[in-house]
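In what follows, a structure is listed as structure tokens, so that the remarks can point back to it.
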Amino acid sequence: MPHEQREALTAAVEHGYYETPRETSVAEIADGVGVPRSTLQYRLQRAEAWLASRFVDASYS
């Protein structure tokens, strides 16, 4: 996973983005790490896709 995606995912976890209910929004995390909201959203989506494909691959191995 590229460094930028790993940083975005780490920030999201640390800020409670994946909690139920969510403790923060993508916009708030983006402001905190100093990147545009769309950039953070893109990096999170790419990181999630990477994790999902690895999970599925591991499930069938």
Side-chain angles (χ1 to χ4, degrees):
M1 176 184 304
H3 179 72
E4 293 85 3
Q5 292 173 13
R6 185 181 310 264
E7 285 184 334
L9 193 59
T10 299
V13 169
E14 289 175 351
H15 288 90
Y17 181 73
Y18 293 104
E19 297 297 321
T20 304
R22 284 197 168 125
E23 296 176 0
T24 191
S25 68
V26 170
E28 291 170 326
I29 298 167
D31 286 344
V33 297
V35 298
R37 184 205 51 78
S38 60
T39 300
L40 184 71
Q41 184 67 52
Y42 175 78
R43 290 176 182 173
L44 281 178
Q45 287 174 338
R46 299 305 309 147
E48 291 165 357
W50 186 90
L51 288 170
S53 65
R54 297 310 182 277
F55 175 79
V56 170
D57 289 346
S59 295
Y60 291 106
S61 295

Run the side chain to side chain contact (heavy atoms under 4.5 Å, CB included) check on Met1 and Leu51 step by step: do they pass? CA-CA 9 Å; Met1 176 184 304; Leu51 288 170; 3.9 Å; yes
Please output the side-chain donor-acceptor pairs of residues 37-45 that fall under 3.5 Å, not counting sequence neighbours, one pair per line with the distance.
none

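- The distance from atom CH2 of Trp50 to atom CZ of Phe55, rounded to the nearest 0.5 Å, is 13.5 Å.
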Distance-only donor-acceptor hits, side chain of residues 6-27, under 3.5 Å, sequence neighbours excluded:
| residue | atom | partner | partner atom | Å |
| --- | --- | --- | --- | --- |
| Glu7 | OE2 | His3 | NE2 | 2.7 |
| Thr10 | OG1 | Arg6 | O | 2.8 |
| His15 | ND1 | Ala11 | O | 2.7 |
| Tyr17 | OH | Arg22 | NH2 | 3.4 |
| Tyr18 | OH | Glu48 | OE2 | 2.4 |
| Arg22 | NE | Tyr17 | O | 2.9 |
| Thr24 | OG1 | Glu28 | OE1 | 2.8 |
| Ser25 | OG | Ala27 | N | 3.4 |
| Ser25 | OG | Glu28 | N | 3.1 |

